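Shown next, in structure tokens, is the structure this report addresses.
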Amino acid sequence: MQDRILSDNESMERQSAIEAVRKRIAGLELGYHIETYGCQMNEHDSEKLAGMLRECGYHKAESKDKADLILFNTCCVREHAEKRTFGNVGFIKELKQENPRLILGVCGCMMQQKEVAKKLFERFPFVDMVFGTHELKHFPQMLLKALDDKRVFQVTESDGEVIEDLPVERIEGFSTFVNIMYGCNNFCTYCIVPYVRGRERSRKPDDIIAEVKQVVSEGYKEVTLLGQNVNSYSSDGLDFHALLRRVCAEVPELRRLRFMTSHPKDLSDALIDAMAELDSLCKHIHLPVQAGSDRVLKAMNRKYTSEDYLTLVSKLRAKVPNVEITTDIIVGFPGETEEDFEATCALVKKVGYSNAYTFAYSPRGGTIAAKMEDQIPEDIKKRRLNKLNAVLAETIPSNNEKYIGFEGEILVEGVDHRGAPLLFGKLPNFKMVYVEGDERLIGTFVQVKVEGYRFNSLFGHIIER
Ligand code: 5AD
Ligand code: SF4
């Protein structure tokens, strides 16, 4: 797959659509609202949609009720997300009655499943635009049609491509995302992502570095490099650890570099060495294990055993000081026995995660696992999920004991007003720390000493500005 920028023709088409939209809405002061579901990849796509909307002359609306254009950027990783989207789209009907000029669009992963997209388009005649994940670059043209009162349905099959010249309207703050690759080739048997995001394709290192430099010049202090499986990044002869080394060397002003998500099958010794050696590379890895039973891991097509995984954990802990590991786990995969499930609980206890996202298996149409026999009844999945969460509720806090007296640096993100106001921010290894302090410290790095903890967060005080 070649990287490319839009061809001259496409660029001209987009540009003339942008100008036509600007003319059409001139003087109307129209606002947009984007509702994003799912992962960081979707959040970042929403930032690109916002960038194009700004180019088209829209501003960000104060709230959904005040918007003249609402976009739902959907997720389909689990069934629950799909149900919520249908419910939330249904609610917009009332807003459309109040504001007849309101345009409603639904996009993202769920809309890349053509059958689901069609169903939504037919069930809700007040939806103006439905488009899939490969259509982002055509957004201004689609918007122009919708402004002409034409309903837009644009879902195309594609392996995907790399589009470089879309504007980005980033969420304000100190931390931001930069895509390094798109799509996934792994076809874990439960997962719909490879079907809705296309094949793996990596951006060129020069484009990535230019974007990192750009966001640092805009004032961002922390960058997370994003991909479904960053460990299989490959472009211009560079693999992932070499990319990290280049980013750190060429953007020395960047204080914190993060990345996600890592697939254990591709986590190399070279990456672990880079994590140990590069100062600005944060000592945190999100390493989804999914299950602790080798039989289930095989049926999931994960291509590692629990022993392989534990070996990686040992290497990380041996080489990377203060490293913290987070994970994703699925319970109730088809055929999972009590013994398999117990193996997952045992692995969780052995690893000592600092946090974990746990899910009940949700069958996704078109995936291999959805057709497997021995689907697990919902009540058993629920019971196992509760039990796994109880195991985590014991192991996560016990991992915090070692932080008492620990000194480190946090990037202050904001103030928590739930009780007495407390500043909060993360250590490089993603541990959240709460401290008393002045709101003016938001967006700065402060040195803290940890005194206590509550579940997965730490509490302490500032020791030095
Ligand atoms: N059911 C439940 N969880 C899933 N995930 C992906 N697909 C499914 C599914 N069908 C979880 C995995 C993945 C995370 C993003 O979502 O744990 O790592
Ligand atoms: Fe889905 Fe597996 Fe790809 Fe992750 S690596 S996106 S779980 S197919």
Side-chain angles (χ1 to χ4, degrees), residues 36-45 74-84 108-110 112-113 116 133 159-160 179-202 224 226-233 240 259-267 285-293 296-304 309 325-336 341 344 347-348 351 353 355-372 375-378 380-382 384-385 388-389 392:
T36 310
Y37 300 83
C39 66
Q40 286 91 348
M41 199 65 76
N42 254 16
E43 278 179 38
H44 194 40
D45 278 355
T74 64
C75 168
C76 59
V77 167
R78 286 168 292 276
E79 193 186 7
H80 176 68
E82 225 167 79
K83 283 197 176 138
R84 246 178 73 199
C109 292
M110 189 178 138
Q112 189 58 37
Q113 301 168 279
V116 182
T133 54
D159 281 349
N179 274 129
I180 63 164
M181 57 194 300
Y182 305 93
C184 182
N185 288 352
N186 291 314
F187 290 95
C188 300
T189 53
Y190 51 81
C191 185
I192 196 139
V193 169
Y195 302 91
V196 292
R197 287 280 175 177
R199 297 291 62 74
E200 262 175 21
R201 49 223 191 263
S202 297
T224 304
L226 279 187
Q228 303 294 351
N229 176 13
V230 290
N231 304 101
S232 61
Y233 174 86
F240 184 53
F259 58 86
M260 78 184 307
T261 291
S262 293
H263 194 307
K265 81 177 164 57
D266 300 313
L267 175 58
I285 187 159
H286 185 64
L287 196 61
V289 67
Q290 312 297 1
S293 144
V296 173
L297 286 170
K298 193 161 194 310
M300 288 177 161
N301 192 30
R302 290 292 290 178
K303 300 198 170 81
Y304 54 83
Y309 187 92
I325 304 167
T326 54
T327 201
D328 295 341
I329 304 170
I330 299 174
V331 299
F333 185 81
E336 184 189 68
F341 170 67
T344 298
L347 181 132
V348 161
V351 175
Y353 291 109
N355 211 351
Y357 300 92
T358 55
F359 310 103
Y361 167 71
S362 167
R364 307 284 58 217
T367 61
I368 292 172
K371 294 184 215 95
M372 286 179 180
Q375 296 285 328
I376 306 293
E378 286 306 316
I380 297 184
K381 285 189 215 171
K382 218 174 257 171
R384 289 183 187 165
L385 189 61
L388 177 62
N389 288 338
L392 284 159

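Quantities reported herein were computed from a predicted structural model and do not represent experimental measurements. Numbers for residues simply follow the sequence, beginning at 1. Numbering of ligands and ligand atoms starts at 1, following listing order.
For the ligand labelled ligand 1, residue Ala360 lies inside the 4.0 Å heavy-atom shell. Contact between Arg197 and ligand 2 is absent, with no heavy atom of the residue lying under 4.0 Å from the ligand.
Judged by the 6.0 Å distance and 45° axis criteria, Arg84 is not positioned over the aromatic ring of Tyr37.
Contacts with ligand 2 closer than 4.0 Å are made by no heavy atom of Pro288, backbone or side chain. Counting heavy atoms under 4.0 Å from ligand 1, residue Val77 touches it through both backbone and side chain. Residue contacts with ligand 1 for Tyr190 involve both N, CA, C or O and side-chain atoms from C-beta outward (heavy atoms, distance under 4.0 Å). Using a 4.0 Å cut-off between heavy atoms, Lys265 makes no contact with ligand 2 at all.
If you check which protein heavy atom lies closest to atom 7 (S) of ligand 2, you get Tyr190 OH, 3.4 Å. Protein heavy atom in closest approach to atom 1 (Fe) of ligand 2: Cys191 SG, 2.3 Å. The protein non-hydrogen atom at the shortest distance from atom 3 (Fe) of ligand 2 is Cys184 SG, 2.2 Å.
For ligand 2, the atoms sitting less than 4.0 Å from at least one non-hydrogen atom of Phe187 are 8 (S), numbered in the order shown with element in parentheses.
Using the six-membered ring where Trp is involved, Phe259 and Phe240 have ring planes that are perpendicular, over 60° apart on the 30 and 60° scheme. In this pair, Tyr353 and Tyr309 present their aromatic rings tilted. The plane angle is within the 30 to 60° band.
Residues Leu226 and Val230 approach most closely at C-CG1, 4.0 Å, considering heavy atoms.
Coordination check, Cys188 versus atom 2 (Fe) of ligand 2: passed, since an N/O/S atom of the residue sits under 2.8 Å.
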